[in-house]
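We count residues from 1, following the sequence as given.
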Amino acid sequence: MGRFLVVGAGSILTSFLLCGLFVLFVGAGILALLPDRALRQAVHWRGEMLTALWGGIGVLATVGAALRVEGGVSWCPVFGLDGPTLPMLVLLAFTGGMISRGRRGMACVLTGLAFLALSPLVFGLLAGTALVMLADRGRQGVCLPVAVIPACIPADSPLSPLLLCLMVLLLGWGVSSQKGPEAMLPAGIGLFLFGRLLAEEGILDPVQQTLLLLSGGAVALGGCVQALRAPLAARVASGLASAGFGALVVLLTLALGTNLEGMEQFRTATLLGAGAPFLALLALLWLCRGEDEANADAPFFSSRSLATATPAGRVLLGMAVLMLSGLPPLGGFSVLWCLLMAGELAAVGAQPVQALCTILVLVGAAGLMVLGVLGLLRLALAALARQKMQVAQQTPAPDGYGLLLLPAGVSLGAAVAVAVLPGGWLALMDHLFVGTAPRDFSWRTLLSVWFVDTTISFTPLFCVLALLVCVGMAITVGRVLGFYPFRQPQAARAAWQEAGPVVALGDGVMASSKTAPAVLWTVLLVFLGLEKQTPVSWPLVEKTAAAGRSMRSMLFRTVGWCEAQGMVLILLFLGAGLILGLFTSK
């Protein structure tokens, strides 16, 4: 009992966070597995209760990461708390909140408890059990638990790099085989374990570096190929998740396992890649999960797919695709910018052979990005085609169906916040993977991506302002000069109607076709609520015009009076000058 009385302030906070996380995980596991009859009247509130538990886990993990709470508790020999665990638990809370119940939800609980495990053996046991719950029948259930074996051997073992390659391949396979948000569970386990073990091993020899890079590249290439060839939207989304996991493995290897210049830039790219793209992928996986995968003749999107059943689903799908496309200033663009900065530093400061290899790796990464964008484009075009088919069939979604979009909306909102505030995310994540220097939180760097070893930075909001200025200038030029880069659509008329009489149709009259306004200008007017208004009808313009007319009339009357009374004005000015001279001379 003496240990409980001698706990200091820091240990009290650590104990509170540790016990709170442990209790919330246990509660989430019990709620995920309890049958409906055991909950009785509370069964209708199971989703809300699970969401509250996972939200509490995310809040505790965020507070612990922000306060830099680290270290274990001596009276609890199995579980502990350290820096790399907490940011990973933040991402796990989003995943668990979307999966919620069943054996998939229990896999999230076991993954979180594995992140908290001090013993490598306990980590392997819990993480392996979670992977078994995610596995299908057959060899996958036997092979996936083997992926966590590197956690149970010393980091300095010569077999460790080879087992890391095996782990990357197996977990990439596990990610690509999922059909929903649970695809992020093996990806999170792999990133957490790979970063921890690679940081302990330090710089690897060239052969081991090549093997790890090839393993990550193979997983990324396999995911891109799946995204381009899979017949179902859920499989395409899981292929994109696998491609992202392989890309982060490559970045981690360049950041922690090589002696290249720009290691801090590679590490920053990894931290950003585990932020907004991770959350956007989670939303994409939720939107694309289908209900008809068991049917061999199922359509690309199921009949009740969240991405096509409602207009809000299509909007969220478009946002997720844009967040993952790498267009400025979205989350993927920050990762691309860091990768370009790191590649330039690595190529300039390396030996010729090493620089050539680095350039080849970056060219391969660029090719994989292009393939990933093609997979995203395939998803977007398929959703658009499905929308047209649903409009033709007139099959509205049932009431309350839009509430299922809430998890995707929350994930995309968090992804946008992380993309716009990258400095805060980097300060939160700086202990996820071991680096050379800590990155402290600062209000000055909240909006920018910055590095510890250089003064170069990138602010996404400046990119947003630049894009808005470009759009505004394009609209202004189009409205003033009447010049538009695209051909304006015109209503088609039959040839016999040219120069013919006006044809009456019932009570209406067929009017001649008019040139449609610019699409971009129309969209901006709708966004501002000014679609059916003209500048003359705006109150500010009307009042300004009236004031201008009043001032103009007063000016004209004053000038006319001065012209008529010119001699009187001259006498008045002379008298005023004499009086002023008399007073100033004294």
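Proximity of L113 to F22: side-chain heavy atoms (C-beta onward) are separated by under 4.5 Å at one or more points. For the pair L336 and M369, the minimum side-chain heavy-atom distance is below 4.5 Å. Within the 4.5 Å cutoff, side-chain heavy atoms of C288 are placed close to those of L379. Residues C165 and L212 are in side-chain contact: their nearest non-hydrogen atoms beyond the backbone lie under 4.5 Å apart. L221 places a side-chain heavy atom less than 4.5 Å from the side chain of L371. T111 places none of its side-chain heavy atoms less than 4.5 Å from the side chain of L131. In this structure, the side chains of V420 and P460 stay at 4.5 Å or more apart for every pair of heavy atoms. For the pair F123 and F192, the minimum side-chain heavy-atom distance is below 4.5 Å.
Within 6.0 Å of atom CZ in R229, 12 or fewer heavy atoms from other residues, nucleotides or ligands are found, so the atom counts as exposed in its surroundings.
Nearest heavy-atom pair, C108 versus L92, reported as atom, atom and distance to 0.1 Å: O-CD2, 3.7 Å. Looking at every heavy atom in both residues, M106 comes nearest to G29 through SD-CA, 3.7 Å. Closest of all the heavy-atom pairs between M323 and A415 is CE-O, 3.6 Å. The two residues C338 and A269 make their nearest non-hydrogen contact at CB-CB, 3.7 Å. Minimum interatomic distance between L170 and C143 (heavy atoms only, all atoms of both residues): CD1-O, 3.4 Å. The two atoms that bring A147 and M167 nearest to each other are O-CG, 2.9 Å, heavy atoms only.
Scanning for side-chain contact (heavy atoms from CB on, under 4.5 Å) contacts around L381 gives L377, with sequence neighbours left out. Judged as a ring pair (Phe, Tyr, Trp, His ring centres under 6.0 Å), and not counting sequence neighbours, W286 has no contacts. Under the ring pair (Phe, Tyr, Trp, His ring centres under 6.0 Å) criterion, F266 pairs with no residue, sequence neighbours left out. Residues satisfying the side-chain hydrogen bond (donor to acceptor under 3.5 Å, both in side chains) criterion with S238, sequence neighbours excluded, are Q226. Legend: residues meeting side-chain contact (heavy atoms from CB on, under 4.5 Å) with A414, ordered by chain and number and at least two apart, are F94, L279. For V63, the side-chain contact (heavy atoms from CB on, under 4.5 Å) partners are V59, L67, not counting sequence neighbours. For L197, the side-chain contact (heavy atoms from CB on, under 4.5 Å) partners two or more places apart in sequence, or in a different chain, are P150, L164, L193, E200.
Between the CG atom in L421 and the CG atom in L428 there is a gap of 12.0 Å [rounded to 0.5 Å]. Here CD1 of I99 is found 4.5 Å from CG of L185. Values are rounded to the nearest 0.5 Å. Note that CZ of F333 and CG of L339 are 12.0 Å apart. Values are rounded to the nearest 0.5 Å. To the nearest 0.5 Å, atom CG of residue L282 and atom CE of residue M98 are 4.5 Å apart.
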Distance-only donor-acceptor pairs under 3.5 Å for side chains of residues 242-253, two or more places apart:
residue	atom	partner	partner atom	Å
S242	OG	G172	O	3.4
T253	OG1	V249	O	2.9

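A donor-acceptor pair is defined here as one N or O able to donate and one able to accept, closer than 3.5 Å; no such pair exists between the side chain of R289 and the backbone of A234. In this structure a side-chain-to-backbone donor-acceptor pair under 3.5 Å is missing from R267 to A255. A donor-acceptor distance shorter than 3.5 angstrom exists from the side chain of W425 to the backbone of L271, with no hydrogens or angles considered. Between the S411 side chain and the A408 main chain, no donor and acceptor come within less than 3.5 Å of each other.
Within the structure, no pair that satisfies the ring-ring contact (aromatic ring centres under 6.0 Å, His included) test touches residues 167-188, not counting sequence neighbours. Pairs engaging residues 203-222 under the side chain to side chain donor-acceptor pair (under 3.5 Å) rule: D205-Q208 [sequence neighbours left out]. Pairs engaging residues 352-367 under the side chain to side chain donor-acceptor pair (under 3.5 Å) rule: N259-Q354 [sequence neighbours left out]. The side chain to side chain donor-acceptor pair (under 3.5 Å) analysis of residues 333-353, with sequence neighbours excluded, yields no pairs.
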Step by step, would you call F458 with W450 a side-chain contact (heavy atoms from CB on, under 4.5 Å)? CA-CA 7 Å; F458 165 68; W450 58 284; over 6 Å; no
Can you list the steps and then say if L374 with L228 is a side-chain contact (heavy atoms from CB on, under 4.5 Å)? CA-CA 7 Å; L374 292 178; L228 293 176; 3.7 Å; yes
> Could you go step by step and tell me if L345 and F451 meet the side-chain contact (heavy atoms from CB on, under 4.5 Å) rule?
Replying inline: CA-CA 13 Å; L345 292 175; F451 308 114; over 6 Å; no
Between V132 and L144, does the side-chain contact (heavy atoms from CB on, under 4.5 Å) criterion hold? Intermediate values first, please.
CA-CA 7 Å; V132 168; L144 278 185; over 6 Å; no
Between Q178 and R235, is the side-chain hydrogen bond (donor to acceptor under 3.5 Å, both in side chains) condition met? List the steps. CA-CA 8 Å; Q178 306 303 316; R235 300 284 294 166; over 6 Å; no
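Among I153, V168, V146, the single residue meeting the side-chain contact (heavy atoms from CB on, under 4.5 Å) criterion with L163 is I153.
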